[in-house]
Amino acid sequence: MRIATWNINSINRRLEHVTAWLERAQPDVLCLQETKCATAAFPEMIFNGLGYESVALGAGAWNGVAIVSRVGLTDVRDNLTDQPEWEGKVEPRAIAATCAGVRVWSLYIPNGRTPDHDHYHYKLKWLQALSRTAAAELVDHESLMLLGDFNVAPTDDDVYDIAAFEGSTHVTEQERAGLKLIEAAGLTEIEPRPLKYDRAFTFWDYRQLAFPKNRGMRIDLVYATPPLAGRVTDAYADREARKGKSASDHAPVVVDLAD
DNA sequence: ATGTCCGATGATATCGGA
């Protein structure tokens, strides 16, 4: 079974990329983030035509998550328990479904903007709520997987040059403590291998030739419970998908599980 | 081979967010 996650930065802008990648990579389940598309406007028929069911949660221009699956999609759930709000609203950043016995969450953790911004505190609270929801879900789902754009680099080696991130979000102790809460809940990170170079970056800014210079970050992450982690046969970041015209600024992360 | 990109706005260039 192949499970993947990809921040596609607008499903409508990226439809051709996503369908081509589905044909090439043949994932059984794909978690999407930043669909930037209202729930009812998600192009589910396109995925149906390729043999995938889908569920989506969105609110138009910002955020938005979805799961597409060709191995079943049941027990769909929107949002975390007590999900923190931004400007008085629960944003579409979390959706879950059970696919072939695996409880899958597609997650888009808030960016944080800058460490002195309210959005940063929102991000930290969001990570705390995520770890609590994960712990609660574990009661009913021993095969639990969290996938998505976490907007946190787990270690200094997960950015191209830690010196370039002084004073920035994504690399702070508090954000990494948020990831540790997920591990404390009983999940382990599935670290992908790179297809090229020494590190498996998943994001490269559109600006200043970041991709050709490989100035990347590893911020799209996968966490799994021990029964699932024990089934992992391969995991990689597919930088090929970052290439070409009108690509997303993120690359997919792919995880293979033994049946 | 790639020096932003996306979506929204009483738009037709500018802005917030990433």
Side-chain angles (χ1 to χ4, degrees), chain A residues 5-21 31-43 46 56-66 84-94 106-127 147-153 158-161 164-172 175 178 194-197 199 201-221 237-253:
Chain A
T5 182
W6 195 5
N7 177 322
I8 33 106
N9 186 14
S10 170
I11 186 64
N12 289 313
R13 191 72 189 81
R14 221 67 64 201
L15 253 188
E16 287 185 17
H17 275 74
V18 174
T19 54
W21 189 80
C31 296
L32 297 169
Q33 301 88 36
E34 281 206 87
T35 54
K36 297 184 174 177
C37 168
T39 301
F42 188 81
I46 300 290
L57 181 66
W62 305 113
N63 314 307
V65 286
E85 298 179 354
W86 178 249
E87 295 179 340
K89 287 181 182 142
V90 173
E91 296 182 311
R93 294 179 175 276
S106 179
L107 301 159
Y108 179 48
I109 281 74
N111 174 284
R113 301 183 188 169
T114 59
D116 60 355
H117 200 286
D118 280 348
H119 209 260
Y120 179 76
H121 299 287
Y122 171 52
K123 179 181 196 173
L124 298 178
K125 281 166 53 180
W126 215 95
L127 285 165
L147 309 94
D149 178 359
F150 282 69
N151 271 316
V152 181
D158 293 312
V159 295
Y160 67 92
D161 177 9
F165 289 84
E166 189 162 345
S168 298
T169 58
H170 294 60
V171 298
T172 68
E175 289 164 287
L195 292 187
K196 190 180 176 183
Y197 304 126
R199 289 176 285 179
F201 294 145
T202 66
F203 167 83
W204 299 259
D205 200 288
Y206 284 123
R207 290 165 288 191
Q208 295 167 320
L209 287 174
F211 184 60
K213 292 177 177 174
N214 200 32
R215 291 181 179 166
M217 306 171 72
R218 193 172 75 83
I219 56 175
D220 296 87
L221 309 176
D238 187 0
R239 72 185 299 283
E240 293 298 309
R242 178 62 177 77
K243 294 181 176 179
K245 196 172 165 59
S246 47
S248 170
D249 42 3
H250 292 252
V253 176

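From a predicted model like this one, the values you see are computed outputs, not experimental measurements. Each chain gets a letter, A, B and so on, in the order the sequences are listed, and its residues count up from 1.
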* Asked: Atom CG of A/Asp249 to atom P of B/dG17: distance rounded to whole Å?
  -> 17 Å
* Please assess A/His119 against A/Trp86 for the test ring pair (Phe, Tyr, Trp, His ring centres under 6.0 Å), listing each intermediate value before the final yes or no. => CA-CA 8 Å; A/His119 209 260; A/Trp86 178 249; 4.6 Å; yes
* Inter-nucleotide P distance (B/dA11, B/dC6), Å rounded -> 23 Å
* Asked: Distance between the C1' atoms of B/dG7 and B/dT12, in whole angstroms?
  -> 15 Å
* **Sugar-phosphate or base contact per nucleotide [nucleotides 6-12 of chain B; S, B, -; heavy atom under 4.0 Å]** => SSS----
* Structure fact -> Separation of B/dC5 atom C1' from A/Lys245 atom NZ, nearest Å, is 12 Å
* Spacing between A/Asp205 atom CG and B/dG17 atom P, to the nearest angstrom -> 16 Å
* Structure fact -> Here the distance between atom P of B/dG17 and atom OH of A/Tyr122, to the nearest Å, is 13 Å
* Parallel, tilted or perpendicular for A/Phe165 and A/Tyr160, by the 30°/60° rule? -> perpendicular
* To do: For nucleotides B/dG3 and B/dT9, find the distance between their C1' atoms and express it as a whole number of Å.
  => 28 Å
* **Whole angstrom value for the distance that separates C1' of B/dT4 from NZ of A/Lys213** => 14 Å
* **A/Asp118: salt bridge (charged side-chain N to carboxylate O under 4.0 Å, His left out) partners, not counting sequence neighbours** => none
* Structure fact -> A/Asn111 CG to B/dG16 P, in whole Å, measures 16 Å
* **A/Glu91 CD - B/dG17 P separation (whole Å)** => 11 Å
* 5′-ward residue of the pair A/Lys243/A/Asn7 relative to DNA chain B -> A/Lys243
* **Parallel, tilted or perpendicular, as decided by the 30° and 60° cut-offs, for the rings of A/Trp204 and A/Phe211** => perpendicular
* Asked: Between B/dG10 and B/dC15, how far is it from one C1' atom to the other, in whole Å?
  -> 16 Å
* To do: Indicate whether the side chain of A/Asn111 and that of A/Lys123 have a donor and an acceptor atom separated by less than 3.5 Å.
  => no
* Can you sort out the partners of A/Glu85 under salt bridge (charged side-chain N to carboxylate O under 4.0 Å, His left out), two or more places apart, ordered by chain and number? => none
* **Validation row, ring centre A/Tyr120 to ring centre A/His117 under 6.0 Å** => no
* Asked: A/Arg113 side chain N/O closer than 4.0 Å to the phosphate oxygens (OP1, OP2) of B/dG17?
  -> yes
* Just how far, in rounded Å, is C1' of B/dG16 from CG of A/Asp118? -> 16 Å
